[in-house]
**Q** 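Handing you this structure, nothing more for now.
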Amino acid sequence: MTKRKICVVTGTRAEYGLFYWTLRKLQEEPGIQLQIVVTGMHLSPEFGLTYQQIEKDGFNIDRKLEMLLSSDTAPGITKSMGVGLLGFADAFAELQPDLILVLGDRYEILMAASAAMIARIPIAHCHGGEATEGVIDESIRHSITKMSQIHLVSTEVFRKRVIQLGESPHTVFNVGALGIENINRLELLSREAFEESIQFKLGARNILVTFHPITLEKSSAESQTIELLKALDEQENTSILFTKANADTDGRIINQLIDQYVQEHSNKAIAHTSLGQLRYLSAIRHVDAVVGNSSSGLLEVPSFKKPTVNIGDRQKGRIMPDSIINCNPDYLSIKNAIQKALSPDFREISGSVRNPYGEGNASGQIVEILKNIRLDNILKKKFYDINFELPN
């Protein structure tokens, strides 16, 4: 029997963590030959060389595709995209996959989808239909949706949105958010084991902070990070654990400010480039609140019954459980939001929240879909029109 070759592309630590259980199931499926292409931050010493964790987990990496230039400016990232497109063209020509599986909304994945589209390789896309109005990810995500033939979305709202983009309902599957499966299946670290793993003693109160640039706003990274750090400095008897920004425009500005803050507050703060999924989820388990503008604050944190302070517009447009406190990216708004998140009343609210992103069984559904879906003639898509009334 000829095995179906499914090529999974990953460019970041977070994306790999979300894909972990799907990769495991694809690896174990007798009718599937798993291929893995690693690119982007995985291959950068600055971002922790996280491809090593993929190999440590027992996966074979078929191609390591260097594309990340040492620049987070708009010209630098655009040039990285060009390098990536060249690399994916060669990788797909050599590997000859029957299907590629991608996730999300980053520029590395846009280049992978573009190369696959030109090579006439069907694309399965996870987490389409979502909205992040403050960042270029919004446009990238919808662009990948239109290049893809199979859509694996996280809620029924997003399923309808992908269909609204003209995709056939028969190709759009609500499988839930991939990250919730990690919460259900990983054996998370105890407080003592977690502290030992990060070489840092947690305090009476603890906050996990992840803050990324707002890529549709010019020159806001520095000013907004300064406001955030000022608000964090106001928190008494509170330890702060930072995970650093991704390789987005102006991400290095944020990371430099974090490093400076940690250096000046080494008794109460620590920063990690990458915690990996096990330590990251264990961190959420042991902190009192999550602060920043990462999608995980909306997707995964509610499953821990913990509050999230969501700063600014980066995640604007996503489904927001009641455990989310939205605030403006200024000192006073952030300070007040953190105080509210740590209050007994709001912690009680967070403790009763049901996560709208599913129950955590996405990987099994994804593998069944990819294993059984017919790929002959799948490339020719007909735009699915919806009859609706336009506003006057």
**Q** Could you list all the ring pair (Phe, Tyr, Trp, His ring centres under 6.0 Å) pairs where at least one residue sits in residues 76-130, not counting sequence neighbours?
**A** F88-F92

**Q** Checking K201 now: which residues fulfil salt bridge (Lys or Arg N to Asp or Glu O under 4.0 Å) with it, not counting sequence neighbours?
**A** E195

**Q** For P356, enumerate each residue passing the side chain to side chain contact (heavy atoms under 4.5 Å, CB included) test, keeping only those at least two apart in sequence or located in another chain.
**A** I319, P321

**Q** Classify the side-chain pair N182/Q277 by whether it contains a donor and acceptor separated by less than 3.5 Å.
**A** yes

**Q** Under a 3.5 Å cutoff, is there a donor and acceptor pairing between the side chains of T210 and T243?
**A** yes

**Q** Looking at side-chain heavy atoms only, is the closest gap between R63 and V38 below 4.5 Å?
**A** no

**Q** Quick check for you: to the nearest 0.5 Å, what is the distance between F211 atom CZ and I334 atom CD1?
**A** 6.5 Å

**Q** Just wondering, do Y261 and K268 contact through their side chains at under 4.5 Å, heavy atoms?
**A** yes

**Q** Using only atom types and a distance under 3.5 Å, with no angle test, would you say the side chain of N310 pairs donor to acceptor with the backbone of L298?
**A** no

**Q** Are the side chain of S80 and the backbone N or O of G76 linked by a donor-acceptor pair below 3.5 Å?
**A** yes

**Q** Tell me, do V172 and F158 make a side-chain contact under 4.5 Å, heavy atoms counted?
**A** no

**Q** Looking only at side-chain N and O atoms, does R24 offer a donor or acceptor that is under 3.5 Å from a partner on Q27?
**A** yes

**Q** If you measure only the distance, is there a donor-acceptor pair under 3.5 Å linking the side chains of T10 and H42?
**A** yes

**Q** Which residue, L103, T22, V102, forms the side-chain contact (heavy atoms from CB on, under 4.5 Å) with C126?
**A** L103

**Q** Flag the pair S239 / F200 as yes when at least one side-chain heavy-atom distance between them is below 4.5 Å, and no otherwise.
**A** yes

**Q** For F242, which of L208, N255, L232, I207 qualifies under side-chain contact (heavy atoms from CB on, under 4.5 Å)?
**A** L232

**Q** Strictly by modelled atom types, are D233 and H265 linked by a side-chain donor-acceptor pair under 3.5 Å?
**A** yes

**Q** Give a yes or no on this: more than 12 heavy atoms of other residues, nucleotides or ligands lie within 6.0 Å of atom CZ of R354.
**A** no

**Q** Do I6 and Q35 touch side chain to side chain, with heavy atoms closer than 4.5 Å?
**A** no

**Q** Would you say that F304 contacts L188 through its side chain, given a criterion of any heavy-atom pair below 4.5 Å between the two side chains?
**A** yes

**Q** Spell out, as yes or no, whether a donor-acceptor pair under 3.5 Å connects the side chain of S343 to the backbone of K340.
**A** yes

